[in-house]
Amino acid sequence: MSNPVLEIPVLEILGLHKKFTDIEVLKGVDLTMATGDVVSVIGSSGSGKTTMLRCVNLLEDFEQGSIRIDGEEIGYTAAPQRRRRKESEIARQRSMTGMVFQQFNLFPHMSALGNVTLGLLKVKKLPKAEATAIADQWLERVGMAERRNHYPGQLSGGQQQRVAIARAIAMNPKVMLFDEVTSALDPELVNEVLTVIKSLAADGMTMLLVTHEMKFAYEVSRRVVFMNQGKIEEQGAPEDVFRNPQSKRLAEFLKNAKF
Amino acid sequence: MAIFAVAVVGNLIGLAVAFAMTSRSPALRRSASVYVTIIRNLPIFFLMLVTFFVLPQQLGIRIDKVYAFVGTLSIYAGAYLAEVYRGALIALPKGLREAGLAIGLTEGQTRIWVIIPVMVRNALPALSNNFISLFKDTSVAAAIAVPELTFYARQINNNTFRVIEVWSVCSLMYVAACYLIAAGLRYAERRLAIPH
Amino acid sequence: MDFIRLFSDLYIARWAILEGVGMTLIISFVAIILGTMLGIGVALSLVYGGKFQRFLVRVFLEYVRGTPVFVLILACYYVLSQAGIQLTPFQAGLVALTVFCSSHVGENLRGALLALPKGQTEAAKAIGLTFRQTFVYVLAPQALRQALPAWINTAAELVKASTLLSVIGVVELMLTTRQIIALKPRPLEFYLLAGIIYFLICFSIERLGRRVERRISLPS
């Protein structure tokens, strides 16, 4: 059994600062995740949780701080030089994470299978047969095997989101990023997606989820992080964070969220 | 200039045809449809030549050049505008016409006072686009020696051979005119927009 | 109407008419191809180019779109020969039509590209696609589908604009018709024939366009 202290954390966020023009949205965020961790990030709108998530795969730039995946500096070279990496390097780094979006963002001109295989074929440059096999395997895993040849326009929201999950996870990322993935779904469809996520978590997938679904966060996470005004205010095991909130604002937030 | 005459006549034709296209009489619908389809698939220059050469010679109809030009362009415009108006017409809520009838207006009165004002306001962006296109199409008249901008430009060109100046100025004038027209139409759009 | 004379006249003129039609089709076709390629460049510059590039292209575009085709044709014919480039009427006309086509294609494609939801680019980035890959596999297919109807329309407009080339001496259908009439004065019949031909060309373009549209439309 490896010594956890010597193991490099799969995701390390240190001193993350980000500004949107004049408004500082992230004011120094530190977060560490080990392989297999499932971390939920909760907080009110504007707390910076989605921005932080989007910095991890460099969909947003950040001015200060560092993000490391498996020890590798993401997006920028290490301080003090701190240069933005080449676009081709950043593209490669992005394939180390998988992101599932609130609006699914499936490619409408490709079938479910096409959506999942695109990354495998063009980024990982796998041969077609292998890519299709992997894609089929993951589509099966999310329960969409029967509809592999359907187009996003023929799928319900829940089905689309499940394909989106397959698309992200088929790339074998080190960390999966979920950005409020059920917020855009009709209530009846939310469950099918949450079930899939729970089963992936049970299989040991490393996940960072931004979510409003408190009950779900409580059930699936190993750790819960509460963000407020650009900083992490409190974090800990679900029982501690949800049952025994230390900070006043967290208590307030939970009360409003009716947990 | 001529463009305004065309605008007026063309719009009237367009409106009439649009109503014909959505009317209950299959004969009207058919003929209107045929008119639109045929004209829209023919070049304006071709139509001009027909007006100027075929009509006088074969059918003995003699019309003054400018009137013939305005007439032809209006018929051309009418087909395109009919499409615009047809689209605006079918986008109207059915209740509009019924409301007009319900307060006692006749069919014709309903059309004039209720339907057309709403339709026109909705169609303004598309109409503006068409108007600018038509304005540019007036240049074709130069090919048949109707006195307008392009015609004068060609004359100056042939007389002075100051080619680059002539054509830069000519096209600049069109561009400027189009820009002004577009700006004017946008202003009109905003003023006339139905508040909601 | 003397049908025998009519048909014999038509028969005599058949090669000239075919040449005219051929020229119309060829010059329109080539202009469409070249114009579309140029138009793609225009659209790419406007959407992805640097500030200066965008400015230049924008000026060019507004200028071309604000001028009537006819003026464009005449300008190309006269100005280019003045500037020392000797062009045949065919070449000058081709340049004019190409530029005209590119302005329409450029504007349409730009609109289609900008209308794509930002999420598409983000999803493509998220799975690690480079910009070039994103454009080729995700953005372009969707934008082209979107821009197809407008492109078909542009093609038809181009055929109609080719009639104006007769003024600078390109021997396309319009000029041919007038030449034939000069020899065999039957304006009504020959113009009617020309009209039918133009109608058929434009109508077929439209029809073809709609068929292609249906074939590439996404199931829903």
Side-chain angles (χ1 to χ4, degrees), chain A residues 53-54 56-60 86-111 114-125 147 149-155 160 163-164 166-173 175-179 184, chain C residues 36 40 43-45 47-51 53-54 105 108-152 209-220:
Chain A
L53 199 74
R54 288 162 61 92
V56 174
N57 67 350
L58 220 69
L59 283 183
E60 302 284 352
K86 274 195 316 184
E87 285 310 311
S88 49
E89 240 189 292
I90 292 184
R92 181 196 52 83
Q93 288 184 328
R94 286 199 184 113
S95 60
M96 292 197 291
T97 55
M99 179 171 251
V100 186
F101 297 85
Q102 188 176 348
Q103 302 293 340
F104 336 135
N105 291 339
L106 286 183
F107 306 130
H109 59 297
M110 297 176 171
S111 65
N115 266 272
V116 180
T117 52
L118 183 65
L120 298 169
L121 293 170
K122 305 297 173 189
V123 180
K124 301 224 154 168
K125 310 217 199 279
R147 307 207 193 225
N149 290 319
H150 281 55
Y151 282 77
Q154 299 169 301
L155 301 175
Q160 288 189 55
V163 174
R167 175 176 67 175
I169 210 167
M171 297 289 287
N172 197 19
V175 185
M176 279 286 278
L177 307 169
F178 293 85
D179 186 3
Chain C
T36 303
I40 293 180
L44 289 177
S45 306
V47 178
Y48 301 117
K51 244 189 166 160
Q53 193 183 13
R54 282 206 311 267
V105 172
N108 288 331
L109 206 51
R110 168 187 165 272
L113 280 170
L114 292 179
L116 292 177
K118 245 183 77 187
Q120 289 294 302
T121 323
E122 292 189 349
K125 278 184 182 175
I127 55 178
L129 293 172
T130 63
F131 173 71
R132 198 198 66 93
Q133 290 173 320
T134 310
F135 184 76
V136 171
Y137 298 113
V138 175
L139 299 177
Q142 295 184 56
L144 289 174
R145 264 190 186 80
Q146 182 82 332
L148 189 67
W151 186 79
I152 295 289
R210 261 179 286 167
R211 271 186 73 206
V212 174
E213 241 180 286
R214 254 176 304 152
R215 290 205 67 236
I216 64 170
S217 71
L218 300 168
S220 58

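Side-chain atoms are counted along with the backbone in the values below, which use heavy atoms only and exclude waters and symmetry mates. Letters A, B, ... are given to chains in the order of the sequence lines, protein chains preceding strands, and every chain is numbered from 1.
Interface remark: of the candidates A:K122, A:M171, A:M99, A:K122 forms the most heavy-atom pairs closer than 4.5 Å to chain C. Interface check for chain C: of the options A:P108, A:G98, A:S88, the most heavy-atom pairs under 4.5 Å are formed by A:P108. Counting heavy-atom pairs under 4.5 Å between each of C:T121, C:L129, C:I216 and chain A puts C:L129 at the top. Annotation: maximal heavy-atom pairing with chain C below 4.5 Å, among A:N105, A:L155, A:L177, occurs at A:N105. Most heavy-atom pairs under 4.5 Å with chain C: of the set A:L58, A:I90, A:L59, this distinction falls to A:L59.
For the atom pair CD of A:Q103 and NZ of C:K118, the computed distance is 12.0 Å after rounding to the nearest 0.5 Å.
No part of C:P117 comes within reach of chain A, as not one of its non-hydrogen atoms sits under 4.5 angstrom from that chain. Of the two parts of C:R145, only the side chain, counted from C-beta on, holds a non-hydrogen atom closer than 4.5 Å to a non-hydrogen atom of chain A. If you measure heavy-atom distances from A:L120 to chain C, you find no contacts under 4.5 Å at all. When heavy atoms are compared at a cutoff of 4.5 Å, A:M110 approaches chain C solely by way of its side chain, counted from C-beta outward. In this structure, chain A has a heavy atom under 4.5 Å from the side chain of C:Q133, while its backbone stays farther away.
A:F101 approaches C:A123 most closely through the heavy-atom pair CE1-CA, 3.6 Å. Across every non-hydrogen atom of A:H109 and C:Y137, the tightest pair is NE2-O, 2.8 Å. Closest non-hydrogen pair, C:I127 versus A:V123, comes out as O-CG2, 3.5 Å.
Under the 3.5 Å distance criterion, the side-chain polar atoms of C:Q142 are left unmatched by any main-chain donor or acceptor of A:F107.
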